Amino acid sequence: MRWINRSISRKQSMALGALPIVALLMLYLLLAAQRHAANPMDKILPLPSGMAQAMQALLFQPDPLSGNLLFWADTLASLQRLGLGLGIATAAALLVGLVLGILPPVRATLGPLVTSIAVIPPIALLPILFIALGLEDTAKIALIAIGIAPVMIRDIAGHVAALPREQLVKAQTLGASTWQIMLRVALPQTMPRLLEALRLALGPAWVFLISGEAIASDVGLGYRIFLVRRYLSMDVIIPYVLWIALLAIAMDVALVLGSRRLFPWAHGLEAKGDKA
Amino acid sequence: MRWINRSISRKQSMALGALPIVALLMLYLLLAAQRHAANPMDKILPLPSGMAQAMQALLFQPDPLSGNLLFWADTLASLQRLGLGLGIATAAALLVGLVLGILPPVRATLGPLVTSIAVIPPIALLPILFIALGLEDTAKIALIAIGIAPVMIRDIAGHVAALPREQLVKAQTLGASTWQIMLRVALPQTMPRLLEALRLALGPAWVFLISGEAIASDVGLGYRIFLVRRYLSMDVIIPYVLWIALLAIAMDVALVLGSRRLFPWAHGLEAKGDKA
Amino acid sequence: SGSAPPPAKKHDFTIGWSIYAGWMPWPYAQQAGIVKKWADKYGIDIKVVQVNDYVESVNQYTAGKFDGVTVANMDALTIPAAGGKDTSAIIIGDYSNGNDGVLLKGADNLAAIKGRQVYLAELSVSHYLLARALEKAGLSFADVKTTNTSDADIVGAFASPQVNAAVAWNPQLSVMRGQAGVKQVFSSADVPGEILDLLVVDTATLKANPDFGKALAGIWYETMAVMQRQDAQGKAARAAMAKLAGASPETFDSQLTTTYLYTDPKAAVAATTSPALVTTMTRVRDFSYSKGLFKGAASADAVGMAFPNGKTLGDAAHVTLRFDESFMKMAADGKL
Amino acid sequence: MSTLLSLRNVWVEFGDRVVLENMNLDIEAGSFVSVVGPSGAGKSSFLRVILGQDAPSRGQILLDGAPLSPECGPDRGVVFQRYSVFPHLAVLENTAFGLECAGSPLLGRLFGSARRKAYAQAEEMLAAVGLGDSLHLYPAQMSGGMQQRLAIAQALIKRPRILLLDEPFGALDPGIRADMHALITRLWSEYGLTIIMVTHDIREAFSLGTRVLALDKRRHDPHAPHRFGATAVYDLPLDKTKAENPSELAA
Amino acid sequence: MSTLLSLRNVWVEFGDRVVLENMNLDIEAGSFVSVVGPSGAGKSSFLRVILGQDAPSRGQILLDGAPLSPECGPDRGVVFQRYSVFPHLAVLENTAFGLECAGSPLLGRLFGSARRKAYAQAEEMLAAVGLGDSLHLYPAQMSGGMQQRLAIAQALIKRPRILLLDEPFGALDPGIRADMHALITRLWSEYGLTIIMVTHDIREAFSLGTRVLALDKRRHDPHAPHRFGATAVYDLPLDKTKAENPSELAA
Ligand SMILES: Nc1ncnc2c1ncn2[C@@H]1O[C@H](COP(=O)(O)OP(=O)(O)OP(=O)(O)O)[C@@H](O)[C@H]1O
Ligand SMILES: Nc1ncnc2c1ncn2[C@@H]1O[C@H](COP(=O)(O)OP(=O)(O)OP(=O)(O)O)[C@@H](O)[C@H]1O
Ligand SMILES: [Mg+2]
Ligand SMILES: [Mg+2]
């Protein structure tokens with residue numbers, strides 16, 4: 001059978017997918033064991049036992065000063081910032097992207113601005129951002145939103161602009177106004193793409209969150225990573241990074257399932273059956 | 001006329017597009033003038049004259065130590081790193097994305113790995129990158145590639161997987177093997193999307209370049225920005241950021257025009273005329 | 001910068017700090033209630049805010065977001081003062097006595113640095129220390145190449161086998177020194193008193209609110225008294241500071257041994273009024289000027305500095321960095 | 001009958017490719033115009049111009065004597081060859097869309113009894129086109145012919161003055177096609193519609209239409225085929241009583 | 001003639017929706033089977049199963065007595081209702097695609113004289129379907145009917161043993177349609193093809209086919225219409241000499 005036609009069952013797929021990840025873990029363990037054999041105090045590739053030990057304190061022992069369990073306090077703070085940043089960016093992408101995609105005059109006016117903002121690396125302007133918005137969470141949330149919104153806006157605008165012209169014409173012949181077309185034709189068809197754009201933005205959003213927390217913060221996953229980096233405590237950094245990856249994958253899966261559930265017409269339905 | 005039907009001429013479009021950008025510049029000048037009225041030495045919002053003065057040295061006076069014109073040396077070094085990083089990421093996206101999108105067994109095997117890498121913020125694992133790749137340009141190029149490739153791969157794989165099943169079936173009935181389908185059906189149809197993915201990746205690529213150059217470097221646009229950040233020389237940072245934006249826009253435009261030129265079938269042709 | 005005209009009387013003040021052995025007393029004082037005690041005494045409110053990134057904390061102060069900040073003498077000169085922000089150093093907390101160092105791999109004498117690629121945070125005190133080290137070794141900047149390295153990443157960078165020379169400060173320095181085959185060939189202990197760690201405040205704010213300065217001095221010396229005690233209470237205080245710095249108590253204690261803390265206000269006043277300070281600052285500003293840190297200035301005299309007893313250095317008409325011993329003196333005299 | 005629509009020297013060109021060439025035409029209110037012609041002649045382009053979706057490159061179109069507004073509206077309904085239904089709406093919602101837009105300018109959605117009324121009307125129309133069983137399917141779940149019937153229901157429910165049909169029955173089987181013929185003939189006479197229909201089926205063109213228009217090129221240069229456009233080469237008014245049994249193709 | 005293709009108790013189901021129900025059928029080599037039936041009956045699904053694109057949910061399909069390999073290959077050509085041509089290839093390249101794949105396993109591209117030969121063959125085939133003027137257009141620049149003709153040329157050039165056609169002539173005008181009928185009849189008899197063609201045009205079904213198969217549901221439960229699938233309700237072998245003039249529809 002041609003490879004292109006080989007379908008993989010759910011079970012096989014799980015096994016195959018685990019393979020390279022397990023291989024990578026084994027490689028890590030091997031390298032870590034080697035380094036530890038050469039230097040038992042090696043900090044760069046800690047052994048799992050070392051990580052467990054380092055994480056124990058953060059996970060289970062309340063911080064004597066604040067009374068918080070640091071790991072959970074970090075997670076909560078970061079998730080809040082990330083959630084707000086993603087929320088703002090998503091709302092902006094939906095509103096601006098929709099209007100930009102469907103109304104040529106708005107596209108002409110705002111398109112170049114959005115492009116310009118999209119290409120300015122926000123990291124380079126951090127001082128201005130922090131000065132304008134202060135050192136509180138606002139600046140970090142703004143960094144996330146500014147970092148990912150332009151890409152999302154352009155993605156959504158492109159998607160809306162690519163709606164078949166026939167659909168818009170059809171809606172107009174059915175008496176729909178510009179507003180009604182936006183609300184009932186473009187908006188719902190944008191939603192699955194919006195969730196997709198959000199998925200793709202998750203990676204950059206974490207990067208911006210960590211960069212923001214690295215600069216000014218006193219709690220958060222990125223703060224902790226940069227705090228202990230001074231001591232090259234990879235035994236804390238690696239578990240934190242894995243935890244971030246886990247959170248990100250959970251969000252990714254939630255978005256995929258949510259989209260399937262909410263917008264069945266956009267998924268798989270069309271795998272079979274011909275269309276006019 | 002409904003807003004949705006208002007088409008904008010090229011000339012109008014230029015004027016409208018310039019509007020918000022000019023407004024933003026005016027706002028900046030106003031704020032800067034205000035701050036300078038209060039404190040003539042203000043460093044945060046420099047006046048254009050101050051920027052011109054600061055840039056003059058970098059643009060035209062050779063650095064006494066190296067004999068280079070710093071601005072151009074920075075630009076060259078950064079563009080080289082960026083180009084290599086983008087090149088590697090694009091090649092990876094094309095190869096892996098294509099194979100991932102079209103061969104279910106490969107998708108099952110590598111999909112989860114790519115997703116995992118995509119969600120790990122590479123900035124957090126820098127020490128491991130240093131150990132593996134050293135501190136020279138290799139690490140910076142790798143940071144860019146690792147930062148943007150997974151998103152591009154997922155984008156391309158998704159696009160390839162969304163090719164109408166009928167096309168693949170049709171190709172098989174015409175005697176095409178899996179390899180020929182990849183080469184002659186999937187690959188060429190992926191190319192315009194690849195350029196599009198590259199466009200969207202430009203923003204993050206600059207972010208990773210600047211972050212990489214901030215970490216350890218002795219030349220480069222990001223190096224200069226982070227170096228002068230030490231004494232809040234916004235009169236250098238702002239021109240550098242504008243220059244980066246200009247370079248990025250030039251690349252963006254080049255990619256759009258290139259795609260139109262190379263792949264006319266993917267653009268505009270279908271604006272009119274009905275399809276079966 | 002001080003864009004708005006100096007505020008008259010204020011009630012709320014903010015000072016920024018970042019992690020460094022000599023500055024950990026500030027967050028500890030906040031936690032232990034010492035800050036609140038002294039602020040209440042003068043009827044004001046003081047917030048002590050952490051900024052993870054040192055440069056950003058100084059930039060924020062320069063931009064007017066903080067009324068005061070913890071900063072090294074060189075950075076106080078090159079960032080706020082050179083930016084036209086009139087700044088007063090009211091507490092000289094310590095000098096680095098080994099907290100900054102030059103590290104080499106596979107060599108144990110300073111001369112071996114010749115021809116190497118040196119990783120360091122450029123234009124920082126590390127750069128200054130390197131300049132002093134080269135001077136002592138009879139070398140110049142032409143004999144080495146420098147690579148700017150962010151202070152957060154220098155530990156990871158130094159772990160890379162390719163990197164064999166670096167300049168860093170604590171806590172990074174002690175971690176880097178712990179790696180196999182690494183030798184410290186020069187440190188700030190070789191140039192005592194040249195790298196000072198200060199608390200600086202906005203001069204205009206201070207003039208309008210002298211109580212702010214008094215409260216800060218009160219806080220500092222009460223905290224000093226607690227942390228130098230060799231009993232359980234002192235130990236607990238130092239452990240709390242270690243925790244705030246993300247370090248173990250042992251590591252933190254070892255960092256303190258290379259930090260010369262002016263625990264006694266009298267010693268601090270003496271250091272501030274001593275002519276050695278003028279000599280040090282002359283060196284520092286000459287170095288800064290040579291590195292282009294006084295933007296567009298025609299000479300190193302462009303930025304004026306004022307010292308106790310009316311002494312000045314540089315342009316006396318444009319003094320933007322003032323070493324003000326008066327509040328330390330009040331502490332020494334028990335007048336707070 | 002009075003003239004509803006007039007074309008005056010209308011040209012349609014794409015770059016240097018001439019598609020329609022100097023068309024002059026008057027269409028009377030209440031007529032049923034069948035348009036036939038070879039594939040690629042420009043029949044769809046002709047419909048798009050009348051619809052207001054594309055502007056003619058030269059010439060003028062008059063509606064009731066006034067220049068046609070260059071955008072489409074609810075006075076002209078359309079069924080395209082494809083892309084005619086909204087993929088994100090189920091069959092019933094697709095059909096009620098026009099009613100909901102008319103009844104709720106702000107939300108484009110009806111509620112309560114207004115909604116029930118609109119949906120009942122939509123159900124009735126769907127039953128008439130033979131989709132009474134498929135009210136809750138999405139377009140992607142339906143065959144090509146079913147989608148086309150949905151598009152017809154969607155357009156008819158708005159009772160437009162002019163209805164433009166681009167091969168609306170091409171994908172239907174003879175049984176359904178005969179039903180649709182009857183339905184459209186009934187609605188045409190009941191509501192006084194004016195219909196312009198492109199078709200490939202000459203028999204259909206003659207049995208339904210009151211007038212048959214054949215589009216084709218008058219001249220043909222083998223070396224530059226694209227330099228000549230099509231125009232109406234035949235224009236046959238059919239003076240007949242309206243067909244009662246318009247199709248004899250039913251199996 | 002010998003049996004080429006056999007269906008044994010074949011069912012096609014999507015979830016609980018039964019589309020085809022217990023089909024049993026033998027198709028002889030060299031026959032021309034026309035498939036008719038109402039819209040949504042499952043004609044396209046029937047073709048997909050024979051093509052190997054979908055697997056039947058129950059039952060078995062035999063080709064030359066051996067179970068059908070569950071993937072499609074060059075022995076079975078197809079023209080779909082849509083998506084049948086490659087949007088990134090111009091007309092000529094689309095047509096030559098099959099020849100290039102056969103001639104160059106590694107690159108899928110021919111060069112030199114082999115290329116000239118393949119492209120000449122493609123041009124000839126395109127001339128036969130009436131696209132001789134449009135060799136360098138992209139599909140997006142062509143009308144629906146032109147794309148369909150291209151798809152037919154693309155499939156025919158490979159001379160498959162079995163050719164599956166899903167309403168191939170639905171979008172063509174009568175003139176071209178008659179030409180295509182003649183072309184397909186000629187190739188069918190010249191190359192001994194076996195053709196299965198879905199059509200909505202009963203006249204076409206009878207004039208071209210050697211056998212007409214009508215797919216429809218045998219039972220119909222108004223409360224659960226989807227629980228019963230279609231099967232061959234009529235199966236009419238037409239014993240006739242091969243039609244010489246298969247269509248009388250030409251205008
Ligand atoms: N965007 C375009 N650029 C160039 N040529 C175009 C474009 N759109 C349509 N055409 C050309 O216009 C001509 C008429 O197209 P049209 O779709 O109107 O034909 P048609 O009569 O509807 O054909 P069919 O019966 O096959 O649907 C065709 O030759 C086509 O190639
Ligand atoms: N993926 C799917 N999920 C559910 N039902 C489907 C799916 N694909 C097809 N169907 C159903 O299968 C039935 C047969 O579809 P098919 O496309 O085979 O009909 P057809 O006879 O080709 O119709 P037409 O003549 O309109 O092309 C339809 O009722 C359709 O709703
Ligand atoms: Mg057409
Ligand atoms: Mg079908």
Side-chain angles (χ1 to χ4, degrees), chain B residues 94-95 97-99 101-106 156 159-197 258-276, chain E residues 48 51-54 71-90 93-109 137-151 154-155 157-158 160 162-164 166-168 170-171:
Chain B
L94 189 60
L95 288 177
L98 197 64
V99 172
I102 212 160
L103 302 181
V106 179
I156 296 299
H159 182 70
V160 172
L163 283 180
R165 181 136 174 66
E166 281 84 354
Q167 264 192 34
L168 307 186
V169 170
K170 178 80 187 219
Q172 292 182 62
T173 65
L174 296 176
S177 64
T178 294
W179 166 245
Q180 286 173 328
I181 290 176
M182 283 172 56
L183 198 66
R184 294 226 43 207
V185 178
L187 176 71
Q189 291 194 66
T190 308
M191 292 306 297
R193 180 61 166 244
L194 186 70
L195 293 193
E196 183 65 26
S259 180
R260 287 236 181 92
R261 182 124 206 188
L262 291 170
F263 315 113
W265 51 269
H267 301 273
L269 274 185
E270 41 183 57
K272 286 174 179 153
D274 49 26
K275 303 124 216 173
Chain E
R48 277 201 300 274
L51 183 60
Q53 181 183 347
D54 287 354
E71 57 182 353
C72 23
D75 50 349
R76 277 157 288 161
V78 68
V79 175
F80 288 113
Q81 278 177 304
R82 65 179 281 212
Y83 286 135
S84 246
V85 291
F86 300 116
H88 62 293
L89 297 180
E93 295 170 303
N94 251 303
T95 314
F97 181 86
L99 302 177
E100 294 204 288
C101 282
S104 165
L106 202 64
L107 292 177
R109 265 179 207 286
L137 291 185
Y138 284 103
Q141 292 170 300
M142 303 200 300
S143 75
M146 293 163 84
Q147 290 190 37
Q148 208 58 8
R149 280 183 276 158
L150 172 57
Q154 199 182 33
I157 207 169
K158 290 289 287 180
I162 307 180
L163 183 61
L164 302 167
D166 199 346
E167 301 183 37

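Small disclaimer: the values here were computed from a predicted structure and weren't measured. Each chain gets a letter, A, B and so on, in the order its sequence line appears, and its residues count up from 1.
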Using every non-hydrogen atom in the two residues, find where E/Phe86 and B/Lys170 come nearest and quote the distance to one decimal.
CZ-CG, 4.4 Å
Please flag which part of E/Gln154 lies under 4.5 Å from any non-hydrogen atom of chain B: side chain, backbone, both or neither.
both
Counting heavy-atom pairs under 4.5 Å to chain B, which of E/Ala90, E/Gly98, E/Gly108 comes out on top?
E/Gly108
Going by heavy atoms in the side chains, are E/Leu107 and B/Arg184 under 4.5 Å from each other?
no
E/Leu51 versus chain B, heavy atoms under 4.5 Å apart: side chain, backbone, both or neither?
side chain
Between E/Ala151 and chain B, with a heavy-atom cut-off of 4.5 Å, which part of the residue counts as in contact: side chain, backbone, both or neither?
both
Let me know if E/Pro87 has heavy atoms under 4.5 Å from chain B in its side chain, its backbone, both or neither.
both
Looking only at heavy atoms and a cut-off of under 4.5 Å, which of B/Thr173, B/Leu168, B/Ile181, B/Val185 has the most pairs with chain E?
B/Thr173
Sub-4.5 Å heavy-atom contacts with chain E: which residues of residues 186-196 of chain B show up?
B/Pro188, B/Gln189
Side chains of B/Phe263 and E/His88: does their closest heavy-atom pair fall under 4.5 Å?
no
Looking at B/Trp179 and E/Leu106, would you say the former's side chain and the latter's main chain have a donor-acceptor pair under 3.5 Å?
yes
Ignoring hydrogens, what is the shortest heavy-atom contact between E/Cys101 and B/Ala176? Give both atom names and the distance.
SG-CB, 3.7 Å
Can any side-chain N or O of E/Lys158 pair as donor or acceptor with the backbone N or O of B/Gly175 at less than 3.5 Å?
no
Kindly indicate whether the side chain of B/Gln172, heavy atoms from C-beta on, has any atom under 4.5 Å from the side chain of E/Gln53.
no
Can you list everything that forms a side-chain hydrogen bond (donor to acceptor under 3.5 Å, both in side chains) with E/Arg76? Sequence neighbours excluded, please.
none
Checking E/Leu164 against chain B: side chain, backbone, both or neither under 4.5 Å from a heavy atom?
neither
If we define contacts as heavy-atom pairs under 4.5 Å, which of E/Gly52, E/Ala155, E/Gly73 has the most with chain B?
E/Gly73
